[in-house]
Protein chains: 2
Amino acid sequence: MATSYQQFCPVAKAMELLDERWTLLVVRELVMGSEHFNEVRRGVPRMSPTLLSKRLHQLVRAGVVDRRPDGRYLLSAAGRELRPVVEALGLWGTRWIGELGDADLDPRLLMWDMHRSVVADAVPQGRTVVRFRFPDAPTGSRDWWLVISADGTDVCDIDPGHEVALTVTGRLRALTEVWRGDRTWQDAVGAGELVVSGPADLRRSLPDWFTLSTFARVPRPVAAGR
Amino acid sequence: MATSYQQFCPVAKAMELLDERWTLLVVRELVMGSEHFNEVRRGVPRMSPTLLSKRLHQLVRAGVVDRRPDGRYLLSAAGRELRPVVEALGLWGTRWIGELGDADLDPRLLMWDMHRSVVADAVPQGRTVVRFRFPDAPTGSRDWWLVISADGTDVCDIDPGHEVALTVTGRLRALTEVWRGDRTWQDAVGAGELVVSGPADLRRSLPDWFTLSTFARVPRPVAAGR
DNA sequence: CAGTATCCCTTATGATACTG
DNA sequence: CAGTATCATAAGGGATACTG
């Protein structure tokens, strides 16, 4: 457990819980709606299960999370009120931490995020498969499929075998930037960094199939004087 | 420096900088208006100067703080936008981390905070001295004086020798709770936990002499169902 | 006043393997 | 699926003394 700051300031008391590594990312996952251990885990893939377990228990002890008998982890009233904290951090990070290192790019995580943001109504009826190709990604994570249907969306890293409606090809960084809202689909496609292939009508509507990241629409800082 | 989370999520990128121990408390001090090293330091007395120095440099490197040639540390545009983060955390901490351990009580820090919140217009003209007595505090930090004048307010832990206008006596915890807004002056005085002695008119106006903590007026959670 | 220099030591955490 | 167990390493950070 974190050492106490020995301060009565509420910011310090809050940070005693929240400033430990990974804690706020776990909260972020719960705020995003994950409830099961392995569901949370997909959102923090670099975190060891031991540590995730520890963090979840800390959050339960702190009264931020309730663990249900069925194994679900649900935010308590206190936990739900952490949403503004997560939002403030995401907003700030979006505006002021623009540069992503290569190590920050993760196709599995990107697919996992995107699958959560599919707008069912914008996608054609029935089953629609979107293939993503990242020629620059490591072997084994170059090809991905999102299988979108009325039941929801599945992420596959092996060919599910269904007919592919659209294929998006480009550098992982380009799609990540679009997802984050650093640039638009139009921009990335126009610059030739993302190539969408498939029927024209689908190609045109593709940008509407995803709501993109929660923070994509945050206004970026304008170049300003002091 | 903190290890990367290897995530493109803006919350993760923000926390790479902000989740290290003490960092956000240093930001809090800068947001509160401290500019000089030793001024910040008074707000984080349990932090070693080495570590404070390190954190300030990290914040400078991250573009959150500008170090001026005259030695001042000023928030940059990015740094000023951390205010909402600090506020969200303070608000949450106020609502959900109510219990203070004895170790969280610190008379010097309390006096330092209170001296910043003096409402000059509410205090009588000229020099006004308020004495605070904490019989339960360790020897050497039982008696404090706030010397309030047009020039500002000084904190003394040894008798400055001036005439004392009011004396506030009580447990450190009681005054800390009033400062945080967990209870009112009226409540603490009514319960006999704080005793104010001095001229009646001054005693009556004392609650107006301080604005109290930034978070004192945050509404506390009402007992609620799930 | 405004920091640096050391030094030790806890402990957080990453990695990996394993279990009910 | 939902975690625990174990382990070794790095390093974060506390304490204290010292300097320009």
Side-chain angles (χ1 to χ4, degrees), chain A residues 1-7 12 15-27 29-30 34-62 65-74 103-104 106 108-109 112 154-155, chain B residues 1-7 12 15-27 29-30 34-62 65-74 103-104 106 108-109 112 154-155:
Chain A
M1 189 168 53
T3 322
S4 163
Y5 282 119
Q6 304 190 26
Q7 293 201 182
M15 287 310 275
E16 283 179 14
L17 173 67
L18 300 175
D19 75 357
E20 278 189 300
R21 190 165 161 76
W22 293 109
T23 299
L24 225 85
L25 301 194
V26 173
V27 171
E29 289 305 307
L30 296 169
S34 291
E35 298 186 342
H36 287 272
F37 188 89
N38 284 338
E39 200 178 359
V40 173
R41 215 183 148 185
R42 272 188 282 271
V44 284
R46 317 277 317 184
M47 187 178 189
S48 82
T50 308
L51 193 51
L52 173 55
S53 174
K54 180 176 171 188
R55 286 290 183 273
L56 284 168
H57 290 316
Q58 288 176 307
L59 290 170
V60 169
R61 251 183 289 130
V65 168
D66 293 327
R67 169 136 204 264
R68 294 306 180 80
D70 59 10
R72 292 184 303 157
Y73 294 92
L74 298 184
D104 298 328
D106 181 334
R108 168 164 266 115
L109 202 46
W112 174 249
D154 289 329
V155 180
Chain B
M1 188 166 56
T3 321
S4 163
Y5 282 118
Q6 304 190 29
Q7 293 201 184
M15 288 310 275
E16 283 178 15
L17 173 66
L18 300 175
D19 74 359
E20 280 189 299
R21 190 167 160 77
W22 293 109
T23 299
L24 224 86
L25 301 195
V26 173
V27 171
E29 288 305 306
L30 296 169
S34 291
E35 298 186 342
H36 288 272
F37 188 90
N38 283 338
E39 202 178 356
V40 173
R41 212 182 150 186
R42 272 187 282 270
V44 284
R46 318 277 316 184
M47 188 180 190
S48 82
T50 307
L51 192 51
L52 173 56
S53 175
K54 181 178 171 187
R55 286 289 183 273
L56 284 168
H57 289 315
Q58 287 175 308
L59 289 169
V60 169
R61 253 183 288 130
V65 168
D66 293 327
R67 170 138 206 262
R68 294 306 181 79
D70 60 10
R72 293 184 302 157
Y73 295 92
L74 297 184
D104 298 328
D106 181 334
R108 169 165 264 114
L109 202 48
W112 175 249
D154 289 327
V155 180

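All values below come from the heavy atoms of this structure, side chains included, with hydrogens, waters and symmetry mates left out. Reminder, nothing fancy here: chain letters follow the sequence lines and each chain counts from 1.
- Nearest heavy-atom pair, B/Leu30 versus B/Tyr73, reported as atom, atom and distance to 0.1 Å: CD2-O, 3.8 Å.
- Every residue two or more places apart in sequence or in another chain that forms a side-chain hydrogen bond (donor to acceptor under 3.5 Å, both in side chains) with B/Asp19 is listed here: B/Tyr5.
- OP1 or OP2 of C/dT13 lies within a sub-4.0 Å distance of a side-chain N or O belonging to A/Arg55.
- Between B/Gln7 and the options A/Asp104, A/Asp106, A/Leu25, a side chain to side chain contact (heavy atoms under 4.5 Å, CB included) holds for only A/Leu25.
- Here D/dC1 presents its C1' atom at 10 Å from CZ of A/Arg42, a figure rounded to the nearest Å.
- Remark: side-chain polar atoms of A/Arg67 are not paired, donor with acceptor, to backbone N or O of A/His57 under 3.5 angstrom.
- Rounded to an integer number of Å, the gap from CG of A/Leu25 to C1' of C/dT13 is 14 Å.
- What you find for A/Leu18 and B/Met15 is that their closest heavy atoms are O-CE, 4.0 Å.
- Separating the CD atom of B/Glu39 from the P atom of C/dC1 is a distance of 11 Å, rounded to the nearest angstrom.
- The side chain of B/Trp22 contributes an N or O atom lying less than 4.0 Å from OP1 or OP2 of D/dG14.
- In this structure, B/Glu20 places its CD atom 12 Å from P of D/dG14, rounding to the nearest Å.
- For residues 35-44 of chain A, the set of pairs meeting the salt bridge (Lys or Arg N to Asp or Glu O under 4.0 Å) definition, not counting sequence neighbours, comprises A/Glu35-A/Arg72.
- Considering only side-chain N and O atoms, B/Arg21 lies under 4.0 angstrom from the phosphate OP1 or OP2 of D/dG14.
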Dot-bracket for DNA chain C, 5' to 3', counting Watson-Crick or G-U wobble pairs under 3.5 Å, with [ ] for crossing pairs and | for inter-strand pairs? ||||||||||||||||||||
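- Smallest separation of non-hydrogen atoms from A/Phe37 and A/Leu56: CD1-CD1, 3.7 Å.
- Across the protein-nucleic acid pair, B/Asp70 atom CG and C/dC1 atom P stand 16 Å apart, rounded to whole Å.
- Counting non-hydrogen atoms of other residues, nucleotides and ligands closer than 6.0 Å to CZ of B/Arg108 gives a total of 12 or fewer.
- Taking atom CG of residue B/Leu51 and atom P of nucleotide D/dA15, one finds them 11 Å apart after rounding to whole Å.
- Computed from coordinates, the A/Leu52 CG to C/dT16 P distance equals 18 Å when rounded to whole Å.
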In a table with atom names and distances, give each donor-acceptor pair under 3.5 Å that connects a side chain of residues 43-52 of chain A to protein atoms at least two apart or in another chain.
from: A/Arg46; atom 1: NH1; to: B/Gln6; atom 2: OE1; distance (Å): 3.3
from: A/Arg46; atom 1: NH2; to: B/Gln6; atom 2: OE1; distance (Å): 3.4
from: A/Ser48; atom 1: OG; to: A/Leu51; atom 2: N; distance (Å): 3.2

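- Closest approach of A/Thr3 and B/Arg21 over heavy atoms only: O-NH1, 2.9 Å.
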Tabulate protein N/O versus nucleotide N/O from nucleotides 18-20 of chain C, keeping only pairs under 3.5 Å, one per line.
none

Distances under 3.5 Å only, N/O to N/O: pair up the protein atoms with those of nucleotides 3-9 of chain D.
from: D/dG3; atom 1: OP1; to: A/Arg67; atom 2: NH2; distance (Å): 3.2
from: D/dG3; atom 1: OP1; to: A/Tyr73; atom 2: OH; distance (Å): 3.2
from: D/dG3; atom 1: OP2; to: A/Tyr73; atom 2: OH; distance (Å): 3.3
from: D/dT4; atom 1: OP1; to: A/His57; atom 2: NE2; distance (Å): 3.3
from: D/dT4; atom 1: OP2; to: A/Ser53; atom 2: OG; distance (Å): 2.4
from: D/dA5; atom 1: N6; to: A/Thr50; atom 2: OG1; distance (Å): 2.4

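- For the residue pair A/Gln58/A/Arg61, the side-chain donor-acceptor check at 3.5 Å is not satisfied.
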